[in-house]
Amino acid sequence: MIAEISEKERLDALDNAIKIIRRNLPEYTYKCQDTSSENGIYAAIDNVEWTTGFWPGEIWLAYLESGDEIFAHAAGIFVESFLERIRKHIVTDHHDMGFLYTPSCVSAWMIKRDADAKEAAILAADNLVSRFQEKGSFIQAWGEMGADDNYRYIIDCLLNLPLLYWAEKETGKGIYREIALRHTATCIANSFRSDYSSYHTFFMDKKTGKPLRGETCQGYKADSSWARGQAWGVYGLALAYRHTGDRSYLDLFEKVSEYFMEKLPEDMIPYWDLIFTDGDEPRDSSSGSIVACGFLDAADSYEKLQEYEKARKYRKEAKMLLKAIYDKCMVRADEEGINGLVKHGTYAKKSPYNTCTEKGVDECVSWGDYYWMEALVRLGGTWKSWW
Ligand code: GLY
């Protein structure tokens, strides 16, 4: 049985993370980190990936923890690049506007009242709304709108929706919430199986709008549960509850979480697909951090509902997931040849049945670093969520 991460270990983990982030600043201030590391080192890339918001998000978290203005300065530099990206539509023909603009720009608006960041995030929310398909009632994940081979959404999109709730609050326009609610309803109706495992991607019928079939891109096969997809489901449902107060989201959150936890190996570091429960398949530590964030978010909701036992349960399980990562995956600041925060993540592992291109297997992954840091900061108890 894994112990819970202690306060001393949490502070140690944050200390290591902030040291690594500080050391990385010169390389990634005018350049972004790639999706995943190669042999432990992130390539410096232009702002073109779906993941480039995570690194500025880490820098904002380092700022909040340390109070050192150097971090606010560096994270602020990224705002210009994100505004240019959305204004010029540089690789924005996909739904990952929340992953991109929430940790990079909603954060900058919340922390520094940066007006460019607010403008960028609202433009990103508009772009997300523009990807809504009436026939089928969903936000199309990838590629050209209406393309036959892409008439689908993916479970990951639940994490893009908080950007819409934020945009509604900032602008007073109800369309953002309406689209978020309609997409969530479609996702809930189709993405979860009767045992509360999940499909990664789901196709809709272009003519009738009826649900067609689940498939996978990054999971092992269509009817297995890709670990990160299940993790996006856990965190996404906790957030959906917080933004709406709809109890059915929280009830589903419990079931989807239970499936995730039941499939974990003894050491609590998730395999890249939950079909694997032992053996040598690669792990995806990032799924553990994402679920920990979801559990901590839900624990706050249960506390507000005065359901203290559930709040305690999810906080405890989050701390166990984080302890496993602390012991087995955390990068120490004095470790050589690696510049991420967390090892043993997996971006995309090729299987005989999936459609992804293999990349970032058993590496640091940008969101794995980010959600690790978010979970550690969340545990401190004072963080104001930008999701
Ligand atoms: N949203 C894509 C991924 O989790 O890899």
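Counting starts at 1 for both ligands and their atoms, in listed order. Hydrogens, waters and symmetry mates play no part in the numbers below; they use all other heavy atoms, side chains included.
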Asks: Identify, for atom 5 (O) of ligand 1, the protein heavy atom at the shortest distance, and state residue, atom and that distance.
Replies: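 Its nearest protein heavy-atom neighbour is R228 NH2, 2.6 Å.
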Asks: Could you tell me whether some N/O pair between Y347 and ligand 1 is separated by less than 3.5 angstrom?
Replies: no
Asks: Compare all side-chain heavy atoms of S6 with those of E9 and state whether any distance is below 4.5 angstrom.
Replies: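 Yes - at least one pair of side-chain heavy atoms lies under 4.5 Å apart.
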Asks: Could you tell me which atoms of ligand 1, counted from 1 in the order shown, lie closer than 4.0 angstrom to a heavy atom of Q218?
Replies: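 What qualifies from ligand 1 is 3 (C), 5 (O).
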Asks: Please tell me whether Y259 and Y196 form a close aromatic pair, meaning their ring centres lie under 6.0 Å apart.
Replies: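 They do not qualify: ring centres at least 6.0 Å apart.
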Asks: Between Y371 and W232, is the ring centroid distance below 6.0 Å?
Replies: yes
Asks: Is any side-chain heavy atom of F99 closer than 4.5 Å to a side-chain heavy atom of D156?
Replies: yes
Asks: Are Y199 and L212 linked, directly or through other ILVMFWY residues, by side chains that come within less than 4.5 angstrom of each other?
Replies: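 Looking at the clustering, L212 is in a separate group from Y199.
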Asks: At what distance is the nearest protein heavy atom to atom 1 (N) of ligand 1, and which residue and atom is it?
Replies: D156 OD2, 2.7 Å
Asks: Is any N or O atom of W367, backbone or side chain, closer than 3.5 Å to an N or O atom of ligand 1?
Replies: no
